[in-house]
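Note that ligands are numbered from 1 as they come in the structure, with each ligand's atoms numbered from 1 the same way.
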Amino acid sequence: MVSCLAAFSLLTAAQVARADDPPPPLNDDGLARTPPMGWNSWNKFACNVDEALIRKTADAMVSSGMREAGYQYVVIDDCWHGARDAHGDIQPDAKRFPSGMKALGDYIHAKGLKFGIYSDAGLKTCGGRPGSWGHEYQDAKQYAAWGVDYLKYDWCMAGTQDARSAYYIMSSALQASGRDIVLSICEWGTSKPWLWADKVGNLWRTTGDIYDKWEGVRDYSSGVMNIVDKQAELYPYARPGHWNDPDMLEVGNGGMTTEEYRSHFSLWAMLAAPLIAGNDIAGMDAPTKAILTNREVIAVDQDPLGQQARRVSKEGELEVWVRPLQGGGRAVVLLNRGAAPAQVGFDWTQMDYPATLKAKVRDLWAGKDVGVHAGRYEATAASHGVVMLKVQP
Ligand code: GLA
């Protein structure tokens, strides 16, 4: 039996916890057991959002086969906001969203999809619209009333707030809203959210913004290869319900070749990254659709084990990434960052397999089995291309 004195000292210890201590761990909320899949308006449309675009995109999510391939969330990013009303309740921009957010949410839900929205932990969003600072519970309640299922929560104009505390407040507000709402933390990796955010949200951005180029840095944005390099050490932090987020997809936006987009998509699948398409779904061409809806690559992303890939070798421009899958298989990506086609190989021991273990190898982009092998496998990867394999003993 716990003595009165012991109980008292426990209580005292809890009461004197400092305000800047880490918040107590939340229980897993049961959401995002696999990385969220959906679409977000920002990469293609930036601030040019209105209800016609969102409805058209929801329609296209169904007619294009994106929904059937697993994409669920239709997320309106920045610039949907109008002003707060006399009660301080946030309202949409009435010119862009004349039917209101509840009606738009109903439309999205009627298509068998889920509704996502964007706000910011600061005074204003990055696009200068009202932020949620000081209105967290009020905004969460409003989102729940609109039928929101997913909140992307940004970090502009956040002042001197501690990121962990600020996101914890919104996380608690969402939990109190009475609706299941996925929390997508977007503070760009600044305070190393992989060390704390699994107690607070379902996914966390690990870098600044992506831009539609294979490689390079522009202002606060990075190309695909620069982002990939920043993910290599983060594999221990991903698990079901809680994911590293290397930012939304650029597939189909026109700044890369089809080969490069295939590599971008493959690497995101290896990284157990959220697959949030960022292109014009209603107007996408056949190669874009073929990449975004490749079932075997999506299955790697959505593997229930929820383990993120490790880079097991990097020799000059050639890399090998390995992701353990449920059932003992491995997904392997052979990546060629160089300017000419190259032979890339890997040893079984790099996948933690005994060298003699026989395993079936399947090429996921070719959609064909390439034999039973043991010890080592090699293939030719195109310039800026990948060979993506599933290895199953
Ligand atoms: C930040 C985020 C982006 C996008 C914009 C919107 O830059 O990182 O993903 O949401 O704000 O203004």
Interfacing atoms of ligand 1 (cut-off 4.0 Å, heavy-atom, Asp77): 4 (C), 6 (C), 10 (O)
Interfacing atoms of ligand 1 (cut-off 4.0 Å, heavy-atom, Lys152): 3 (C), 4 (C), 9 (O), 10 (O)
Per-atom contacts, ligand 1 versus Trp188 - under 4.0 Å to a heavy atom: 2 (C), 8 (O)
Proximal ligand 1 atoms for Asp154, defined as those under 4.0 Å from one of its heavy atoms: 1 (C), 2 (C), 5 (C), 10 (O), 11 (O)
contact_flag Trp155 ligand 1 heavy-atom lt 4.0 Å: no
Atom indices of ligand 1 within 4.0 angstrom of Arg205 heavy atoms, with elements: 8 (O), 9 (O)
Nearest-0.5 Å distance that lies between atom OG in Ser313 and atom CG in Leu335: 10.0 Å
Per-atom contacts, ligand 1 versus Cys126 - under 4.0 Å to a heavy atom: 1 (C), 11 (O), 12 (O)
Full working for side-chain hydrogen bond (donor to acceptor under 3.5 Å, both in side chains) between Trp321 and Ser266: CA-CA 11 Å; Trp321 292 72; Ser266 305; over 6 Å; no
Heavy atom of the protein closest to atom 12 (O) of ligand 1 (residue, atom name, distance): Asp78 OD2, 2.8 Å
Side-chain ion pair, Arg96 and Glu51, N-O less than 4.0 Å: no
Asp247, any N or O under 3.5 Å of ligand 1 N or O: no
Geometric N/O contact Asp209 with ligand 1, under 3.5 angstrom: yes
Test item: side-chain donor near acceptor, Asp149 and His109, under 3.5 Å: yes
Subset of ligand 1 atoms that lie under 4.0 Å from at least one heavy atom of Cys186: 2 (C), 8 (O)
Polar contact flag, side-chain donor to acceptor under 3.5 angstrom, Ser184-Trp204: no
Test applied, ring pair (Phe, Tyr, Trp, His ring centres under 6.0 Å); reference residue, Trp146; option that passes from Trp80, Phe115, Phe97: Trp80
Donor-acceptor side-chain pairing of Asp85 and Gln91 below 3.5 angstrom: yes
Any side-chain donor near an acceptor of the partner, Gln231 and Asn244, under 3.5 Å: no
